[in-house]
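Proteins get letters first, then strands, A, B, ... in listed order; numbering begins at 1 in each.
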Protein chains: 2
Amino acid sequence: MALKNHQPLDPAYLEKLQDYYAEHKVIPSYSVLATLWGISAKSWVSECVRRFEEAGFLDWTPDRQLKPGARFFERRLAHDTVQAGLPNPALADGYDLVTIDDYLIRVPSKTSLVRVKGESMIDAGIHDGDLIVVEQQPNANVGEIVVAIVDNEFTVKYLDREKGTFVLKPANKAFPVIRPRGRLEIFGVMAGLVRSTR
Amino acid sequence: MALKNHQPLDPAYLEKLQDYYAEHKVIPSYSVLATLWGISAKSWVSECVRRFEEAGFLDWTPDRQLKPGARFFERRLAHDTVQAGLPNPALADGYDLVTIDDYLIRVPSKTSLVRVKGESMIDAGIHDGDLIVVEQQPNANVGEIVVAIVDNEFTVKYLDREKGTFVLKPANKAFPVIRPRGRLEIFGVMAGLVRSTR
DNA sequence: TAAATTACAGAACGATCGTTCTGGTGTCAA
DNA sequence: TTGACACCAGAACGATCGTTCTGTAATTTA
């Protein structure tokens, strides 16, 4: 058979696995891996899995089920200095950071997302349509950006204090300071920000 | 046997599964699920899985492997209008969005992260220390925010055209327009932004 | 209080799993 | 020219998989 040696080694395999995982959130069985990689021998799949395991991209659960390894989610945090001559700077040495979720979310059960409406916090780099990562908690410190509930609506503002009472200050001179009539109801404090631009 | 009816129905099962998944990034087999849930009959596991599947928390790959369903990762996107009387607005009805990773990353194998240095894009809401989600591609359109390689360093700027040649424009009047001497080397285009504030 | 219904246990079964072994190419250095 | 090695195919095998069936105790409904 005139099959060419078309597989450029391991990286292509890993990418296909990562894309599969991105779609299904699961590591497939060896036979599915075989078709995914264009291989028709489970023995060779076994060998490749062993190598990925050695490299830290795959791992096993205590019950000996295949699972993503520590480096599997590794998304290159590209370094600011690029070594000359490298065709792809992002593939240079050194990696960091796992998933973005882990980067932003410390307590999943207390974290939710709030979509920003309006330009009142634009000077803090918070734009209309951005998602605020909120850690829910009933109180906050002055100076923190909080998500408060005012008139049954979420509001993102700086928390400040004026003459003994809390006020909400926007980061935009065109907007007024909010001085709640009754008790200020705090939903949580901002822990991060997410913006999609595509 | 004086076994009490200790399982408070489904929610506890789901939480245990989510915790297991958070640790291993994989859906376990029925027998592991059985021990995880404190059940000793695979038939009952099968029934529970069927219910979670019906509710949208579990799903199947084309190869009939169990995988997380659409609602499995469900992190509440709190709505901007809060129903009065609800103790926890984030737990109100309606859900959206899966993981933040999925929200930002479309092609994992071509996506990397670049940390922003400096204030040159501050008017675009991009601050020092933010992470830019970059989709790697060799060219881009005028008006897009691109990550380019200038003097062996990453630079985030608007792509623009001046008299037939591409230039990089900052979003900050205090910074100059960059006019590359040779060919402009584009690393990729900005697909999103991530900021951690804690 | 009788009758469903729900929530499990236990076993049987064929299908599929991952491992392992043998064997066949192609490439490259000696 | 000849090993040596990397890359892959194919088949055999026991273990484990998920399905399905029967049975039972507790709870709910009528």
Q.
Show me the pairs that pass salt bridge (Lys or Arg N to Asp or Glu O under 4.0 Å) and involve residues 28-41 of chain B, at least two apart or across chains.
A. none
Q. For B:Tyr21, which residues count as a ring pair (Phe, Tyr, Trp, His ring centres under 6.0 Å) partner, sequence neighbours excluded?
A. B:Phe72, B:Phe73
Q. In chain order, what residues pass the salt bridge (Lys or Arg N to Asp or Glu O under 4.0 Å) check against A:Lys169, with sequence neighbours excluded?
A. A:Asp160
Q | Interatomic distance, B:Ile186 atom CD1 to B:Phe166 atom CZ [nearest 0.5 angstrom] | A | 6.5 Å
Q) For C:dC8, does either OP1 or OP2 sit under 4.0 Å from a side-chain N or O belonging to B:Ser40? A) no
Q: Five pairs at each end of the helix from C:dT1-D:dA30 to C:dA30-D:dT1: take the axis at both ends and give me the angle between them to 10°.
A: 30°
Q | Under 4.0 Å protein heavy-atom contacts per nucleotide of nucleotides 11-19 of chain D, with B for base, S for backbone only and - for none | A | ------SBB
Q: Can you sort out the partners of B:Glu53 under side chain to side chain contact (heavy atoms under 4.5 Å, CB included), two or more places apart, ordered by chain and number?
A: B:Arg50, B:Trp60
Q. If only side-chain N and O atoms of B:Arg51 are considered, is one of them under 4.0 Å from the OP1 or OP2 phosphate oxygen of C:dA7?
A. yes
Q) What integer distance in Å separates A:Trp44:CH2 from D:dC7:P? A) 5 Å
Q: Enumerate the residue pairs fulfilling salt bridge (Lys or Arg N to Asp or Glu O under 4.0 Å) with a member in residues 25-45 of chain A, sequence neighbours excluded, ordered by first and then second residue.
A: A:Lys25-B:Asp102
Q | Pairs meeting criterion side-chain hydrogen bond (donor to acceptor under 3.5 Å, both in side chains) with involvement of residues 186-198 of chain B, two or more places apart | A | A:Glu135-B:Arg198, B:Asp130-B:Arg195
Q. Between C:dT5 atom C1' and B:Glu47 atom CD, what is the distance in whole Å?
A. 12 Å
Please tabulate, for side-chain N and O atoms in residues 118-129 of chain B, each donor-acceptor pair with protein atoms closer than 3.5 Å (sequence neighbours left out).
unit_1   : atom_1 : unit_2   : atom_2 : d
B:Ser120 : OG     : B:Lys157 : NZ     : 3.1
B:Asp128 : OD1    : B:Gly118 : N      : 2.6

